[in-house]
Each structure stands twice: as C-alpha cells, then as structure tokens.
Amino acid sequence: MASDLRPGGGTPLLIDGKLVPGSGGVFATTSPTTGERLGWAADATATDLDAAVAAARTAFDETSWSTDPALRARGIRQLRDAMLDHLDQLREITIAEAGAPRTLTAGPQLDGPVRDLGWFADLTETYSWRTDLPIAEPLGMRTARQLRREAVGVVGAITPWNFPHQINLAKLGPALAAGNTVVLKPAPDTPWCAAALGILAAEHTDIPPGVVNVVTSSDHAIGARLAADPRVDLVSFTGSTDTGKAVMASAADTVKKVLLELGGKSAFVVLDDADLRAACAMAAFSVCVHAGQGCALSTRLLVPRARYDEAVAITARTMAGIRPGDPDDPGTVCGPLISARQRERVEGYLDQARRAGGQILVGGGRPADRPDGWFVEPTLIAGLPTTSVVAREEIFGPVLVILPYDGDADAIRVANDSPYGLSGAVWGTDPDRVEAVVAGIRTGTLSVNGGTWYSVDAPFGGYKQSGIGREMGVAGFEEYLETKLVAYPA
Ligand code: NAD
C-alpha cells in the first residue's frame, strides 16, 4: 500500500522502528520559491535524540544486523524499491522543499541516488569481509593472519539542505551496507525529504527497529548533541567548513571517527589552447545549476590573461541568458536559494565584491520578475584580486568570479591558493599540459574537458579544509568499517 509522505499535521520522527511525533511539537517548513508556509515537520528535542541514539545502540549491540549481510542487502533493496514506488511524491516534496529544479530530480536530486542504493546492497554481498594475509614469522613465530572488516557501530549522520536525498542516501546506503545503525539528523530547511525516508523504511522494509532513526529538528544544537554523544561511534557530516570544525571538536572528547564533507571554492582552469567558447559557456552554465547551491561547483573561473576579454564576453553572455525560474518548470536550471537567510548571505558577498572594487558584469541583484521567494540573479564578478574575500570564500549562490593568470604554473598556483580542495575542472587540448595541471591541483575530484566524475562507484571528497574521508565508491563504503587483525599460530 502506498504511504502518505505529506501528512497534514506534520511529518513524524522515526525512533526505534516507530513513527512518532516530536516532543518539541512541530516546526514550519517554507517554500523557497514563494516564501510561503508549506507545512509542518516533527520537532525533535534532546529527549527524542537520546531515545534515537539509545535505539541505534541497542540495535547494533543486540540484533544480528551487523553480522547478517543478506538481511542488510534485502533491507536496502526494499528501501530503494519503496522510494522508487513513491518517486512521484518524493519528487514533489523535493521541488517544494529544497527548491530543486524538476530537471535535476531526474538525476542527482532524487532518481540517481535512489537507484544507487542497489549498488550498496550488491556490495554487501560481494565485499571480502575476511581476507587471509600470507603466513609470516614475526618474532620468529609462524603466524596465520586474518584481516576482518567490521561495522564501526552507531553512525550519527548530519546533513545539509542542498541535495537532501543525495546526501542522506550517500550516508545511509554505505553505513547500512557496512552493518552500522544510523541516526539521521537532516537540515532544518529540508526535514520532509528525510522524514519520507523514515516513513518508507518503517512501512516497507524488514530493517529491524532501531537500525534507522530519523530526527528532524528546528534546533541545530541537536546536531551538536549527536556529534558529542558517547554512544555514537562515527559522525558522518556534510555541511559548511565552520560547522564541520565544530563537529570535529564535539567528537573529539570521545575520540570518535569523523567523516567530513565540507565546503569548496573550486577552480575551473581554462588553458590557452582550450576551446574557449565551450569551456567558458560550461563554467557559466554549471555555476547557475540549482542556484549555485552545490559544494562541488566550480566558482572561480581561471582564464589566460591574453584571452581574458574574450573569456569575459563569452561567460557574461551565457550567464545573462540564464534566468532564475520556478523550479517546478521543467525548463528551469536556476531555481531559488533555500532561505531568506541564505539570500542575505549571498547578497552580503555581492556588497563586499563591490566594496573591494569588483565589477559586477552580469546580475548582482534580485530578478525583477521574481518578487516572491529567495531568488538571486546569476552574477559574474571580474576585477577582484585572488586575495579578496569574495574570490576566496564559499558563497553558495549563482556567483562566478573570473580571474586572469599568467602561464600554466600560475594557473596551478591560483587554483591551489585556497583553503579548500573539493573539485574543479581543467580544459585544454595538449594532453601533457592538461596532465601537468591535473597533477598540480590539490583537489578531490577533477573534470577534464567536461568529463563527469559524479557516480556511485567513484569516491568523492575533499583535500584541505574541504573535508576528511570519502563518500561513495568502495573507499566511501570502507569509511564505515573498522579493521580487526586476528593472528593464529600457523
Ligand atoms: P551547515 O553547516 O549550516 O549545516 C549542516 C548540518 O549541520 C545541518 O543539519 C545543521 O542543523 C547541522 N549543524 C549545525 N550546527 C551544528 C553543530 N554545531 N554541530 C553539529 N551539527 C550542526 O550547512 P548548510 O548551510 O546546511 O549547507 C551548506 C554547506 O554545506 C555549504 O558550505 C556546502 O559547501 C556544504 N556542503 C558540502 C558538501 C560536500 O559533500 N562537501 C555537500 C553539500 C553541501
């Protein structure tokens, strides 16, 4: 039977297998497209969080979940199938709540990560949980050694609002496949996407009570509490670098493992032999997707000084042609920002750019034809030094900073002149020069001449202050495992 994922009175929490109201009542969810109230979500307090962590602890310690890969594979596939059966409802929720353009829900905003759950279920069945190492003679004793991989335990998953399903499932999929139990704490801006997951897990799967818990809350402190809880073994966090540092500090007291996917200010490097038109158009287009609310988007466009004016003209023309629109419209790529607060943040950066002498060549304000909701125009900024705040900090809006460089070595230097190292792009025709730039940039993912790195089997994550660890791929799955080495006399 189909589940109703948008109950009128507010979506529930999932604690110990039961769908329950929040002990803090409900909090309002808001449409980023209109600024109007959408509905309500359960507001978890510390009491609810404590119950969820206790349930996850008990499910890990006292059920066969961590030692039964067949049960896990079945449970994950049931969750995937339930999501597939409810894709229409999930799509409308995602567009309404996250302001995600409808076109993106056919890919990374929904359909992609839901289908990708199957990859983690398959991995549960094919992974080598035990590996024999060769006989060795440490200290003169012939010894047989076995390497075992085991679940870490209770995972606290804390997620942001920009790609709610992708990020929730990129944590839940591998964490569950590896045999962990999970408490998911989503962003206050997108509680429904997570609550829907909880409803479907409870109503359509054999996943035992306590293995998956979902606590939506209006209170960020619930995330901090989850990160600090001594019953939690690993915190998997995606969000801003500042919050990531706070999560690390909260987790330090109990020396729990942290997996951090943080911010970025990635460089799109156009070499002087590249197809300038194609490269700059791609850079201009991609920074507008989902109103620039993607951690891995390239938000600094590095172009050779000798071709600077040409590059500016192409980029400006492309960005001027992209109008922010209703995410419900299949033709929209640039929807609204998530909240009034986020729009103020972006506008604050635009003011800083002006004050620092930057030239706003396209956009720079709110679109006149979108008086409601939290829209910002695609904005191209030139004339800023690489040291300026706007050229260095993550803005999380449809804002591109164009910077000139002098020679390939300088391009690498400028690309690396950032506290971040999440993603980026290189365009050029000479393979040796492209390779030298690829090797020189310190970043977790790179696209060459438009190649796509995003895929469930490809690890994603950051160098430097963009994070610790990897998400997705076998490497991402193994983040959720401990290593036990057992030695026997041979
Ligand atoms: P945020 O850091 O404000 O919040 C993320 C989550 O952390 C939310 O669930 C929030 O409630 C919770 N939280 C807030 N304070 C906390 C604390 N002290 N301890 C524990 N949890 C706390 O991020 P956001 O504004 O929701 O999302 C935007 C940011 O996320 C951007 O910086 C973006 O780059 C980053 N992001 C990174 C990736 C990645 O994979 N690297 C992906 C998407 C978004």
Side-chain angles (χ1 to χ4, degrees), residues 240-242 262-271 279-280 282-289 291-316 318-319 337 342-365 376-427 437 440-444 446 462-466:
S240 61
T241 294
D242 283 348
L262 308 176
K265 187 81 175 179
S266 299
F268 192 117
V269 178
V270 183
L271 298 180
C280 292
M282 171 66 91
F285 175 81
S286 58
V287 82
C288 298
V289 171
Q293 301 168 107
C295 51
L297 297 177
S298 292
T299 49
R300 293 183 294 152
L301 176 58
L302 277 50
V303 298
R305 197 178 297 277
R307 302 189 71 185
Y308 181 75
D309 290 345
E310 213 186 326
V312 164
I314 298 164
T315 312
T318 307
M319 288 186 80
L337 296 173
Q342 183 64 16
R343 182 167 67 175
E344 270 167 34
R345 210 177 98 91
V346 172
E347 289 176 336
Y349 278 114
L350 300 183
D351 289 343
Q352 283 201 58
R354 290 185 184 97
R355 284 200 301 276
Q359 304 143 265
I360 303 219
L361 302 175
V362 176
V376 168
E377 293 172 310
T379 300
L380 176 63
I381 307 175
L384 286 177
T386 54
T387 50
S388 69
V389 168
V390 173
R392 296 185 71 79
E393 293 189 4
E394 181 177 57
I395 296 175
F396 233 54
V399 181
L400 183 63
V401 176
I402 187 162
L403 301 162
Y405 67 80
D406 299 294
D408 295 4
D410 193 43
I412 296 171
R413 183 191 64 76
V414 176
N416 286 336
D417 184 11
S418 167
Y420 296 114
L422 191 56
S423 190
V426 181
W427 281 58
V437 176
I441 300 183
R442 293 177 42 73
T443 192
L446 264 179
Y463 283 34
K464 301 193 270 181
Q465 292 188 32
S466 287

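Predicted, not measured: the structure shown is a model, and the values here were computed from it.
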Ile402 side, atom CD1; Phe268 side, atom CZ - distance, nearest 0.5 Å = 11.0 Å
Other residues, nucleotides, ligands: >12 heavy atoms within 6.0 Å of Arg307 CZ = yes
To the nearest 0.5 Å, what is the distance between SG (Cys295) and CZ (Phe396)?
-> 6.0 Å
Taking the side chain as every heavy atom from C-beta outward, state whether Leu350 and Thr379 have any atom pair closer than 4.5 Å.
-> yes
Correct closest heavy-atom pair for Tyr308 and Gly383 would be OH-N, 3.7 Å
Can you name the closest pair of heavy atoms from Tyr349 and Val389 and give their distance?
-> CE2-CG1, 3.9 Å
Side chain to side chain, Leu403 and Val303, heavy atoms closer than 4.5 Å | no
Are the side chains of Leu361 and Ile381 in touch, meaning some heavy atoms are under 4.5 Å apart?
-> no
Minimal non-hydrogen separation, Ala356 against Leu384, with atom names | CB-CD2, 3.8 Å
Test item: Lys265 side-chain N/O and Val390 main-chain N/O as donor-acceptor pair under 3.5 Å | yes
Approximate separation, where rounding is to 0.5 Å, of Glu377 CD and Ile360 CD1 | 10.0 Å
What distance do Leu337 atom CG and Glu347 atom CD have between them, rounded to the nearest 0.5 Å?
-> 8.5 Å
Residues two or more places apart in sequence or in another chain: which of them pass side chain to side chain donor-acceptor pair (under 3.5 Å) with Asp242?
-> none
For the atom pair CG (Leu302) and CH2 (Trp427), what is the distance rounded to the nearest 0.5 Å?
-> 15.5 Å
Minimum heavy-atom distance Ala425-Ser298, with the two atoms named = N-OG, 4.0 Å
Mind checking side-chain contact (heavy atoms from CB on, under 4.5 Å) for Asp351 and listing every partner two or more places apart, or none if nothing turns up?
-> Arg354, Arg355
Just do the side chain to side chain contact (heavy atoms under 4.5 Å, CB included) check on Arg300 and Ser418 with the steps written out, would you?
-> CA-CA 11 Å; Arg300 293 183 294 152; Ser418 167; 3.8 Å; yes
Search all heavy atoms of Gly263 against all heavy atoms of Ser466 and return the closest pair with its distance.
-> O-OG, 2.7 Å
Would you list the pairs meeting salt bridge (charged side-chain N to carboxylate O under 4.0 Å, His left out) in which at least one residue belongs to residues 389-407, sequence neighbours left out?
-> Arg305-Asp406, Arg392-Asp417
Would you sort out whether Ile395 and Thr299 count as a side chain to side chain contact (heavy atoms under 4.5 Å, CB included), showing the intermediate values?
-> CA-CA 9 Å; Ile395 296 175; Thr299 49; over 6 Å; no
side-chain contact (heavy atoms from CB on, under 4.5 Å) with Ala284: which residues, sequence neighbours excluded?
-> Thr315, Thr318, Met319
Sequence neighbours left out, what passes side-chain contact (heavy atoms from CB on, under 4.5 Å) with Thr241? Give chain and number order.
-> Lys245, Leu262, Tyr420, Gln465
First locate atom CD1 of Ile441, then atom OH of Tyr463, and finally report the distance between them rounded to the nearest 0.5 Å.
-> 11.0 Å
Can you check whether Val401 reaches Leu301 side chain to side chain, under 4.5 Å on heavy atoms?
-> no
Okay, side chain of Tyr405, backbone of Val270: is any donor-acceptor separation there less than 3.5 Å?
-> yes
Asn416 side-chain N/O to Gly440 backbone N/O, donor-acceptor pair under 3.5 Å = yes
Report the residues that fulfil side-chain contact (heavy atoms from CB on, under 4.5 Å) with Ser423, sequence neighbours left out, ordered by chain and then residue number.
-> Ser266, Ala296, Thr445, Trp453
